[in-house]
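Data block below; observations after.
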Amino acid sequence: MRSLSYVELMTSDAITSYDVMLSVTPLNIPTRDSKLIAGISFMLAATPQYLNSLKYPIRSPRDLSEHPIFSFFSRNRERNMVLRKGSDYFPLHFHAHMRLNNPGGIKQVVMRSKGIGAYCPVYYYLDELANGTVCEVLPEWKFPVQQIYISRKDRDRVAVNRFVHWLIDYFEHCPGLVPPSYEGLWVGDFVDGVPV
């Protein structure tokens, strides 16, 4: 099984060698079918210690420019660094103090109260949100949700079908993910940071 990252770097010949793939975009290859199975929701994260140490509270996305920001980086991710509150959009075009291509690395920095983690997957912080060791910053402002598609090449293989059904059920009940029926903003609704 191939996971979420780097599918865009694979040739169509390489893709056909996998029975099941998870990707953030549907695979438009004749030998495969793709289905949206969930979405990853993101947030701005910080510890209460960091937020309580601030001289001035963070009241709007513009205030973020005064703080150390640790953001997730991938080749296409930053174009989706947009927050939405109702019909208002705020592009996060700040210079992060550090960009990491692993959300776990951002979590380590956040947990040490060194600043604010941007584009943090909510499911990485479920325990910390529940026990109060992490807070969502500007919770009324939301990032677009990242789609997760499952793709398979052969519907006739019983073992593959069982696995796919199990995986879809698992994602449907996985805390921190949103269902395919989510009616909010998806990453696919943007082109270069602008809603379409």
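- In this structure, the side chains of Ile116 and Ile58 come closer than 4.5 Å at one or more pairs of heavy atoms.
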Full working for side chain to side chain contact (heavy atoms under 4.5 Å, CB included) between Leu44 and Ile69: CA-CA 9 Å; Leu44 294 162; Ile69 302 292; 5.7 Å; no
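- When all heavy atoms of Phe90 and Pro61 are compared, the closest pair comes out as CD2-CB, 3.2 Å.
- Across every non-hydrogen atom of Gly115 and Ala46, the tightest pair is O-CB, 4.0 Å.
- Put simply, the side chain of Tyr149 reaches to within 4.5 Å of the side chain of Ser23, judged on heavy atoms.
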Hey, can you pull the donor-acceptor pairs under 3.5 Å for the side chains in residues 134-142, sequence neighbours left out?
residue, atom, partner, partner atom, Å
Glu136, OE2, Lys142, NZ, 3.3
Lys142, NZ, Pro139, O, 2.9

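- Every pair tested for salt bridge (Lys or Arg N to Asp or Glu O under 4.0 Å) that includes a residue from residues 164-173 fails, sequence neighbours excluded, so the list is empty.
- Proximity of Val122 to Phe42: side-chain heavy atoms (C-beta onward) are nowhere separated by under 4.5 Å.
- When side chains are defined from C-beta on, Leu185 does not count as touching Val82, because their heavy atoms never get closer than 4.5 Å.
- Taking each heavy atom of Gly176 and Tyr123 in turn, the nearest pair found is CA-CB, 4.0 Å.
- For Glu183, there are no side-chain contact (heavy atoms from CB on, under 4.5 Å) partners at least two apart in sequence or on another chain.
- The line from CG of Leu22 to CD1 of Ile148 is 7.0 Å long, rounded to the nearest 0.5 Å.
- Rounded to the nearest 0.5 angstrom, Ile37 CD1 and Gln147 CD are separated by 12.0 Å.
- In this structure a side-chain-to-backbone donor-acceptor pair under 3.5 Å is present from Asp63 to Ser60.
- Scored by the salt bridge (Lys or Arg N to Asp or Glu O under 4.0 Å) test, Arg157 finds Asp19 as partners (sequence neighbours excluded).
- Across Tyr119 and Pro144, no two heavy atoms sit closer than the pair OH-O, 4.3 Å.
- Screening Thr133, Val110, Thr47 for a side-chain contact (heavy atoms from CB on, under 4.5 Å) with Glu128, the sole residue that qualifies is Thr133.
- Using bins of under 30°, 30° to 60° and over 60° for the plane-to-plane angle, the ring pair Tyr170/Trp166 lands in the parallel bin.
- The two atoms that bring Phe143 and Met43 nearest to each other are CE1-C, 3.7 Å, heavy atoms only.
- In this structure, the side chains of Tyr125 and Cys120 come closer than 4.5 Å at one or more pairs of heavy atoms.
- Taking OG of Ser41 as the start and CG of Leu177 as the end, the distance is 7.0 Å to the nearest 0.5 Å.
- Atom CD1 of Ile150 sits about 5.0 Å away from atom CD1 of Ile168, to the nearest 0.5 Å.
- The heavy-atom pair separating Pro180 from Trp186 by the smallest distance is O-CZ2, 3.9 Å.
- We find the CZ-CG distance between Arg62 and Leu64 to be 11.0 Å, quoted to the nearest 0.5 Å.
- Put simply, the side chain of Lys35 does not reach to within 4.5 Å of the side chain of Val164, judged on heavy atoms.
- In this view, Glu66 satisfies the salt bridge (Lys or Arg N to Asp or Glu O under 4.0 Å) rule with no residue, not counting sequence neighbours.
- Every residue two or more places apart in sequence or in another chain that forms a side-chain contact (heavy atoms from CB on, under 4.5 Å) with Pro68 is listed here: Tyr50, Phe70, His97.
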